[in-house]
There are 2 protein chains.
Amino acid sequence: MEQVNTDNTKAQMRKGVLELCILSILSQGDAYPTEIIDKLKDTKLVVVEGTLYPLLTRLKNTGLLGYRWEESTSGPPRKYYKLTEIGEQYLKELQISWEELVNAVNSTIEKGKKL
Amino acid sequence: MEQVNTDNTKAQMRKGVLELCILSILSQGDAYPTEIIDKLKDTKLVVVEGTLYPLLTRLKNTGLLGYRWEESTSGPPRKYYKLTEIGEQYLKELQISWEELVNAVNSTIEKGKKL
DNA sequence: TTTAGTACTATGTGTTGCAAGGTACTAAAA
DNA sequence: TTTTAGTACCTTGCAACACATAGTACTAAA
């Protein structure tokens, strides 16, 4: 018998929506990775470096993000990421997909609650 | 430059929530796999056999589901899955996790839309 | 000159969704 | 009787992803 692992499922649930959240945050203004992690933490979405950095690189390589280096007075230079025009369009698509998913899941849950 | 792949992200978004949806459907009453796929399709969540069967086996092995065989007059026998008591409790937890996720993501999106 | 804090990067692992292919049962058509 | 269509279940192999872990490097204060 395998173990019941709620935490694992919670982690799985977050897959995919991270991309949406990161693009949303960057639509508010440029940000560097550590800043993004803090902002996600504010909304109860805990993401660690090992997750965020590869994801940002992926988004950059697909042309959704650009970046620039900026000096810091309190440590190493920061890599500020910025939403490209393609990224903005893509974000709108993802927002629609997200709404559709929420509706689909909620309608399934609602049907269950009726009985 | 890699390709921008919306479909892939959509698929990723659904990860984890499938478990929630399947348990929700089974909370409405016992069902066999093909039936579950049809019900998910009704709510715009397309799931294929290669996804569902391993998932059902996993849920059974963790004790969240049980099953029984039932004869059919129109084809091979059907494997009816049923939510166990542990499964019902687990479903409640997942529903809470889902609500938390929706709130977290929506608050991130909302902040973006303000600017 | 050592320590603490900040920041970015790389590697390896486990889980998962899915495509593709396969088996087997029933009933109706050829 | 054989073939075809419909239904249903199952397995294998792959690619993507999140994460743990470990490492490098810069600044400032102790």
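Values below: all heavy atoms of this structure, side chains included; hydrogens, waters and symmetry mates excluded. Order of the sequence lines fixes the chain letters, A, B, ..., with proteins taken first and strands second; residue numbering starts at 1 for each chain.
- Side-chain polar atoms of B:E19 and B:Y90 form a donor-acceptor pair below 3.5 angstrom.
- What separates CG of A:L52 from P of D:dA18 is a distance of 10 Å, to the nearest Å.
- A:N61 places its CG atom 15 Å from the C1' atom of D:dA16, with the value rounded to the nearest Å.
- Seen from the ring of A:Y32, A:K79 does not count as a face-on cation partner, given the 6.0 Å and 45° thresholds.
- Among the nucleotides D:dT7, C:dG17, D:dC10, the one closest to any side-chain atom of B:R78 is D:dT7.
- Distance B:L59 CG to D:dC10 C1': 16 Å, rounded to the nearest Å.
- Put simply, CD1 on A:I37 is 14 Å from C1' on D:dA20, counting in whole angstrom units.
- Comparing D:dC17, D:dC19, D:dC9 by their nearest atom to the side chain of A:V48 picks out D:dC19.
- The distance from atom NZ of A:K60 to atom C1' of C:dC8 is 12 Å, rounded to the nearest whole Å.
- Neither OP1 nor OP2 of D:dC10 sits under 4.0 Å from any side-chain N or O of B:Y53.
- Base pairing of D:dA30: its partner is C:dT1, meeting the Watson-Crick or G-U wobble criterion (both donor-acceptor distances under 3.5 Å).
- Taking both residues in full, the closest heavy atoms of B:L59 and B:T62 are given as O-OG1, 3.0 Å, listed atom of the first, atom of the second, then distance.
- Looking at heavy atoms from C-beta onward, B:I36 lies out of side-chain contact with B:V47 at the 4.5 angstrom threshold.
- Within 4.0 Å of B:S72, counting heavy atoms only, lies no atom of the nucleic acid at all.
- One donor-acceptor pair, N or O on each side, does fall under 3.5 Å between the base of C:dC8 and the side chain of A:E49.
- Remark: P of C:dA27 and CD of B:E71 are 11 Å apart, rounded to the nearest angstrom.
- Nearer to the 5' terminus of DNA chain D, by closest-nucleotide assignment, is the contact made by A:L55 (compared with the other of A:L55 and A:S74).
- For the pair A:Y32 and C:dA7, the criterion of a side-chain N or O lying under 4.0 Å from OP1 or OP2 is met.
- The A:P76 side chain lies nearest to C:dT6 when the options are C:dC8, D:dC10, C:dT6.
- Comparing C:dC8, D:dC9, C:dC18 by their nearest atom to the side chain of B:T51 picks out C:dC18.
- In this structure, CH2 of A:W69 is placed 13 Å from P of D:dA25, rounded to the nearest angstrom.
- For the pair B:K79 NZ and D:dC10 C1', the computed distance is 9 Å after rounding to whole Å.
- When each of D:dC9, C:dC8, C:dG17 is scored by its nearest atom to the side-chain atoms of B:T34, the top-ranked nucleotide is D:dC9.
- Partners of B:E88 according to the salt bridge (charged side-chain N to carboxylate O under 4.0 Å, His left out) rule, which considers only residues two or more places apart in sequence or in another chain, do not exist here.
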